[in-house]
2 protein chains.
Amino acid sequence: MNIKQLYKQISQLQENVELTIEGWIISNRGNDKIRFITINDGSTIANMQLVIKGDLASKKEISEIAVGSAVSVIGKLHLTPEAMQPFELSVSKFLYINNPQEDFPIQKKETSLDFLREIPQLRHRTSLFRAIMLIRNSLMFEIHKYFQSKGFLNLSSPIITSNDGEGAGETLLVDDESKDYFFKQKAFLGVTGQLHAESYAEGFKKVYTFGPTFRAENSHTSRHLAEFWMMEPEVAFCDLKGIIEITDDMLKNVIANTLKNCPEEMKYLDSLQNNKLIESLNNFINKKLTIIEYKDVVENLKNYVDKFEEKDIFFGMDLASEHEKFLAENIVKGPVAVINYPKDIKAFYMYQNDDGKTVAAFDLLVPGIGELVGGSQRENRYQKLVDRINELKITQETLQWYLDLRRFGYAPSSGFGLGFERLVMYVTGTSNIRDVIPFPRVAGSIKM
Amino acid sequence: MNIKQLYKQISQLQENVELTIEGWIISNRGNDKIRFITINDGSTIANMQLVIKGDLASKKEISEIAVGSAVSVIGKLHLTPEAMQPFELSVSKFLYINNPQEDFPIQKKETSLDFLREIPQLRHRTSLFRAIMLIRNSLMFEIHKYFQSKGFLNLSSPIITSNDGEGAGETLLVDDESKDYFFKQKAFLGVTGQLHAESYAEGFKKVYTFGPTFRAENSHTSRHLAEFWMMEPEVAFCDLKGIIEITDDMLKNVIANTLKNCPEEMKYLDSLQNNKLIESLNNFINKKLTIIEYKDVVENLKNYVDKFEEKDIFFGMDLASEHEKFLAENIVKGPVAVINYPKDIKAFYMYQNDDGKTVAAFDLLVPGIGELVGGSQRENRYQKLVDRINELKITQETLQWYLDLRRFGYAPSSGFGLGFERLVMYVTGTSNIRDVIPFPRVAGSIKM
């Protein structure tokens, strides 16, 4: 029985049930007669109070239990419905006590996020990171649950690839010590699993990947990592409209269930955001998704030129993060899907619309984050795709297997990519992406 | 509604319900009056029969629908409880037909596994690979479900690391194009997430990783890949006995549920294995796990020296795959956990037993595969661990963060690693590991 389960079964708890609690100490106060020790067992950010009386309270080893100590304890449950915490443990025996050394870096006093980023192996032993990682876990599992319940097949797309995906962004290279082409050719860390997912969608119809993805990203921003997790569904017999519906329904489900799964954690994070976090998530869940044409977005943004650093706004531009955020936060005031982008700012494989100028792409933008999801209907016409590749001077040879999917019984297909850390940032209200992944990897630094 | 759902709801299906089925064509036979087309939609290996009569049957485009064609069709459900397949679709209209070109490599005739390995982007459009990948998907999700239901936190352990884990096996290196140390130091693709998982177990108590892992493995065997998926749980306040119980319970659950989730696929694979596959899996599920001391295994194997290529059997040897398989298949006749291995053949972080010779490690061996799982109780005594590292001449500096976990409120911890592809091989009865992962990566080859 862990603390989370106690909270979940709170109406059925019985006085005086004997329990073993194992966890790490948050605080220790009291005197020789009575001692109150707070313990957390990692199942929730909610702690449990241990109450120690009599002979046990007077023992030196009990008074010396320190913050961060690993402790196992037996006692009897005492219900305290009137108190702040609805139950506590009357301790009969300590089974295990292991105090940290004096240089344990996480003490009771406040510690900065910058400092905690230096100790990723320990920072989850604070309420903030405990909450973020519990929510990350819930989001991960809810994504699997959603797709599995809808009949999607999970696909392990390869990490090491011979092509660099969209040709966008820098790629990282892989080789063995001898640097003599272990794979007999240049090998990259994948920037997307989409091409491989598409091949599986042609046969399984609905598939998704969920795994790490890499960029040799040199910018030191709060929004970029060299290693991050991506979730990429791909659906055959599905067009742009269909895939936007799936995106919206999936996100609403996953977020709503996480609010239910992690009430203590969400309440805590909400309190750090002036109680605006849960409100904005509920706004997402309950509101119909707004869909706007890219060309209308451009016209609209022109009215707010004085709000932007990048003031040159025209059809054909790539929207900057400031534009995306402004659109979501100030114009739509909620999540918005922008569709039909100019083809020159999007990837080669997107379906070319009849206007000759745009592709059937969409980006889902949310307040506070900007782009959360990017997706498209794929170009299903072999010759159009080949022509586009040649136009962009992309090497056809390494992509021939992908192009050939169109020749071997192809159903029109659509898909999207969700940067998982972006979703965790959005749901937890975290502003720096390095705080939502256990061991962040950025240029120039791989701690641990 | 997909074909899998029709099978699941078979007792409630109603005659003449209108359905849209989307999928890929398996066969097409008939004449101008009546035509039988078999379609698969990827939800199960079970196909559905489309029956076309009247004018529609006489149309050229219908008679020309080829194997592998992507098709979308509307029709009425017709229940056929007496027939081989319990239902079929009386087609009223074809919404989409896209025939493959003549060089589509998967035709009705038998194709060899070797040939199919050359086209990983298409081979899932055979019954065999469809079945394997559906079961792989079930095993993946059941693993998540099991751990989540037991209160484990999923941890994204980093892929790019500064240390090479156990120092065992060759590692792959990562850098950007300029090869100028993108991460300001040598960077490796992780061979294990265990060290990072251990840091999270100290705080969350029960955690697991599930992600890709890498080896610069040069051996071209049927058991090794350069890129494979590992699942590594780590549990604080848990000893060797406890972690073996978790391993056994997890595997029994995951396999039993997959037998339930994928009845058609298991039946098909069973038929390829002389109907021995399901029997052996049920044997695993229903039998209490045998636990044997390594030293007793050695004594036992000495009685069968003439059965082995490696005849030198002695305390201190690393068991070869032939020994492991013989133990599981011929001596125990089922899964077996071998415990307390000599410390010199095991990793530095394993708990040193009082005998001074062995460590609290275990390997779970299964018939047909050999080692499926390897795990241990971790050495929790700081000085013992430091001494062992120095004895083995492992650089202490890069591991100091890991060693220090022992100094900062450490609870004894145990964990294991499951090579996910090994599990898929075991459950599907597949003998070559390249056939249980969508796009296998081995030395000298990265197709697609």
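Any value given below was found using the heavy atoms of this structure, including those in side chains, with hydrogens, waters and symmetry copies removed. Labels below follow one simple rule: chain letters A, B, ... track the order of the sequence lines, proteins then strands, and each chain is numbered from 1.
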Give the intermediate values and the outcome of side chain to side chain contact (heavy atoms under 4.5 Å, CB included) for residues B:Arg136 and A:Ser156. CA-CA 10 Å; B:Arg136 182 184 168 101; A:Ser156 301; 2.6 Å; yes
Pairs of heavy atoms under 4.5 Å with chain A: top-ranked of [options]:
options: B:Lys447, B:Glu198, B:Lys4, B:Arg130; value: B:Arg130
options: B:Ala236, B:Ala70, B:Gly42, B:Gly203; value: B:Gly203
options: B:Arg125, B:His124, B:Lys184; value: B:His124
options: B:Asp404, B:Val71, B:Ile25; value: B:Val71
options: B:Tyr181, B:Tyr200, B:Tyr96, B:Phe210; value: B:Tyr200
options: B:Asn99, B:Asp175, B:Asp176; value: B:Asp175

Counting only non-hydrogen atoms closer than 4.5 Å, does B:Gln148 touch chain A with its backbone (N, CA, C, O), its side chain (CB onward), both, or neither?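 The side chain, not the backbone.
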Measure B:Phe228 against the heavy atoms of chain A and call it side chain, backbone, both or neither at under 4.5 Å.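 No part of B:Phe228 comes within 4.5 Å of chain A.
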With chain B as the partner, which of [options] has the greatest number of non-hydrogen pairs under 4.5 Å?
options: A:Asn40, A:Leu95, A:Leu405, A:Leu134; value: A:Leu134
options: A:Ala187, A:Ser138, A:Ser445; value: A:Ser445
options: A:Phe237, A:Trp229, A:Phe420; value: A:Phe237

Test item: [X] side-chain N/O and [Y] main-chain N/O as donor-acceptor pair under 3.5 Å:
X: B:Asn98; Y: A:Ala411; answer: no
X: A:His196; Y: B:Met448; answer: yes
X: A:Arg441; Y: B:Pro158; answer: no
X: A:Gln121; Y: B:Trp401; answer: no

Under 4.5 Å heavy-atom distance to chain B, tell me which part of A:Pro412 shows up: side chain, backbone, both or neither.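 When you check distances to chain B, atoms from both the backbone and side chain of A:Pro412 fall under 4.5 Å.
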Would you call the rings of B:His144 and A:Phe141 parallel, tilted or perpendicular, taking 30° and 60° as the class edges?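 The arrangement is tilted - the two ring planes meet at 30° to 60°.
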Would you call the rings of A:Phe408 and B:Phe104 parallel, tilted or perpendicular, where under 30° means parallel and over 60° means perpendicular?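 A:Phe408 vs B:Phe104 ring planes: tilted.
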Steps toward side chain to side chain contact (heavy atoms under 4.5 Å, CB included) verdict (B:Lys205, A:Trp24): CA-CA 9 Å; B:Lys205 211 168 96 170; A:Trp24 289 264; 4.1 Å; yes
Let me see the working for B:Val174 and A:Phe214 under side chain to side chain contact (heavy atoms under 4.5 Å, CB included), right down to the final yes or no. CA-CA 11 Å; B:Val174 182; A:Phe214 303 86; over 6 Å; no
Using side chain to side chain contact (heavy atoms under 4.5 Å, CB included), reason through A:Leu155 and B:Asn137 one step at a time and then give a plain yes or no. CA-CA 7 Å; A:Leu155 164 77; B:Asn137 175 67; over 6 Å; no
Does atom CD (B:Gln383) have a neighbourhood of more than 12 heavy atoms from anything else shown, all under 6.0 Å?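 Atom CD in B:Gln383 is packed in, count exceeds 12.
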Decide salt bridge (Lys or Arg N to Asp or Glu O under 4.0 Å) for B:Glu177 and A:Lys186; before the verdict, give the C-alpha distance in whole Å, the side-chain angles of both, and the deciding distance to 0.1 Å. CA-CA 10 Å; B:Glu177 276 285 355; A:Lys186 242 185 185 178; 3.0 Å; yes
